[in-house]
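Predicted model, so just to flag it, every value in this text is computed and none were measured. Chain letters run A, B, ... following the sequence lines, proteins first and then strands; every chain starts at 1.
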Amino acid sequence: MVCRFSTRLLNISIASLCKTQELNKAENALIDARKLGYSPDIVTYNTLISAYCRFLGFDAAYSFFYEMSDALRQDRVTPDVVTFNSLIAGATRDRLLLVSLFLFAKMLRTGILPDIWTCNTLMNCYFKTGQPQEAIRVHQNFLLDGLSPCAATINTMINGFCENGYVSNALRMFWNYQRRGVSLPIITYNILINGLCKSGRLYEARNMLKELEKSGHKPNVITYTTVMKCCFRSGKIDQGFKIFRDMKRDGYTFDSYAYCTAISAFIKVGMKKEANDCTGQMIKSGIRLDMVSYNTIANLYCKQGKCLDAMSLISEKGSESDEYTSAILIDGLCKTGYVDKAVEQLKQMKADGQKTNSVAYNCVIDRFCKEGSLESAWKVFNEMDVKDSVTYTSLIHGLCKNQNFSLASKLILYCINDGVGVPRSANRAVLRGLRASGAKREEKDLKSKIRMARYLRRFEIKRKNSERITLPHRVKPSPGLSCNVAGNHCAGLSSIILRSLGTGSYTL
DNA sequence: CTAGGGTTAG
């Protein structure tokens with residue numbers, strides 16, 4: 001009895017240390033507890049594994065799991081379905097599809113029955129790696145094996161559809177449940193509002209918000225943050241700030257998502273005082289500042305011309321930084337006249353083997369263009385392996401500034417052929433230049449091509465918005481692939497693994 | 001334990 005109580009106490013302590021991201025302390029607590037003769041159970045280990053996955057990545061979690069295998073044996077603790085679900089979720093977070101599938105196979109082989117959360121996590125993994133068809137297949141196979149979907153299953157599907165551009169499938173699923181009188185949690189509404197906003201379907205997003213209110217839910221911080229962000233990205237700036245003020249008035253607790261959304265919008269529209277005040281509030285509120293919060297603060301510093309402060313903020317804090325951090329700092333350097341330093345940083349990034357950061361490159365190219373150093377801009381341009389709309393826009397404007405309208409015109413044609421859209425302002429600058437330099441025929445030609453491309457794009461958006469995945473036929477369990485787990489035939493499941501892992505290389 | 005919102009460039 002005493003022992004059980006101690007284990008629970010240990011688990012609670014470890015869980016709270018994990019929550020505050022004090023993983024070293026959590027692990028030490030486990031080590032100390034074992035020395036003192038307390039016995040951790042599977043919950044203790046699961047808590048640590050999922051915290052490792054979340055904060056340090058899958059590799060760290062898996063090494064921990066591996067290093068702990070002796071301890072697990074000594075404590076007579078065997079991994080359970082939660083252990084594997086957590087590991088699979090960790091692999092999913094790092095987009096390691098094959099690792100997820102491998103873990104799933106290992107789980108079945110160990111004789112642990114998957115549950116509905118295994119299904120949710122595997123589906124999520126397929127959606128996140130851009131394979132909605134396979135996600136649907138997982139779903140069907142799990143239902144076939146007798147598991148019933150839970151709310152998270154529906155949410156994972158709806159969200160996965162939205163993320164992969166099949167908002168219509170998501171909506172259809174939502175209305176199907178709605179019609180059957182299934183009450184869906186607020187998360188479902190938030191997912192749909194976000195999906196509709198991001199695909200530019202603002203009218204429907206608005207209706208979904210009304211639908212949420214009809215359902216009896218009260219919009220939460222996430223709902224408001226989603227809608228606020230949607231306003232900013234669609235240019236309804238005042239409406240966005242109104243939501244911000246309403247949230248404050250109604251006493252919603254701001255988290256770092258809400259703060260960062262508002263702060264970034266303030267910065268973008270040049271409301272310096274508000275940006276500063278809001279940042280001050282965020283810091284004073286005592287919420288834990290994560291990487292995105294630091295990126296946002298660094299961006300504020302840079303936009304105030306204090307990019308050296310931004311750099312020391314990031315380096316003081318030590319560890320975490322990502323491609324946003326580099327882009328923010330490099331842009332800061334460019335805009336305060338340290339282009340050479342920015343170029344140095346680009347080289348450093350490449351040397352460090354970081355994944356290509358086109359935003360950072362775009363910042364430098366744009367700076368060179370604005371300075372009129374077209375040659376330097378081309379040099380950076382040629383070092384990029386993925387060019388995008390912003391890259392071309394900067395160059396087009398740069399070329400126009402240098403009176404090289406025919407090359408600018410060629411770039412626009414190249415973009416049209418490649419399906420890369422550039423803003424109207426870039427098109428206009430080139431057309432104007434061609435006209436002024438007397439190239440009437442070229443101007444007319446370009447104009448009609450731009451018009452045609454615009455028409456085709458609108459058409460494409462319309463088509464895409466109504467696109468739906470057709471569901472595959474139900475897969476019949478095939479006895480040959482049957483994987484008998486504790487008397488349960490996981491036929492559909494094993495076929496998923498075999499299909500994805502290829503033939504022969506893995507035995508179940 | 002596992003699902004939803006936030007940060008960069010023209």
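The nearest whole Å value for the distance from the NZ atom in A/K198 to the P atom in B/dG4 is 11 Å. Remark: P of B/dT2 and CE of A/M107 are 15 Å apart, rounded to the nearest angstrom. Taking atom CZ on A/F232 and atom P on B/dT7, their separation rounds to 10 Å, with Å as the unit.
Checked by distance alone, A/D290 brings a side-chain donor or acceptor within 3.5 Å of a matching partner on the base of B/dG6. Side-chain atoms of A/T223 stay outside donor-acceptor range of the base of B/dG5, with no qualifying N/O pair under 3.5 Å. Between the base of B/dG5 and the side chain of A/D255 there is a donor-acceptor pair shorter than 3.5 Å. A donor-acceptor contact under 3.5 angstrom links the side-chain atoms of A/S256 to the base of B/dG6. Under 3.5 Å, the side chain of A/S394 and the base of B/dG10 form no donor-acceptor pair of N or O atoms.
In this structure, A/F65 has its ring center at least 6.0 angstrom away from the ring center of A/F58. Aromatic ring centres of A/Y252 and A/Y224 lie closer together than 6.0 Å. Annotation: A/Y301 is not in aromatic contact with A/Y294 [ring centroid separation under 6.0 Å not met].
Counting any heavy atom pair closer than 4.0 Å across all strands shown, A/N159 reaches sugar-phosphate atoms only and no base atom. If you check every strand for non-hydrogen atoms under 4.0 Å, A/R367 touches nothing. Within 4.0 Å (heavy atoms only), A/S293 reaches at least one base atom of the nucleic acid. Looking at heavy-atom distances under 4.0 Å, A/T393 makes contact with a base.
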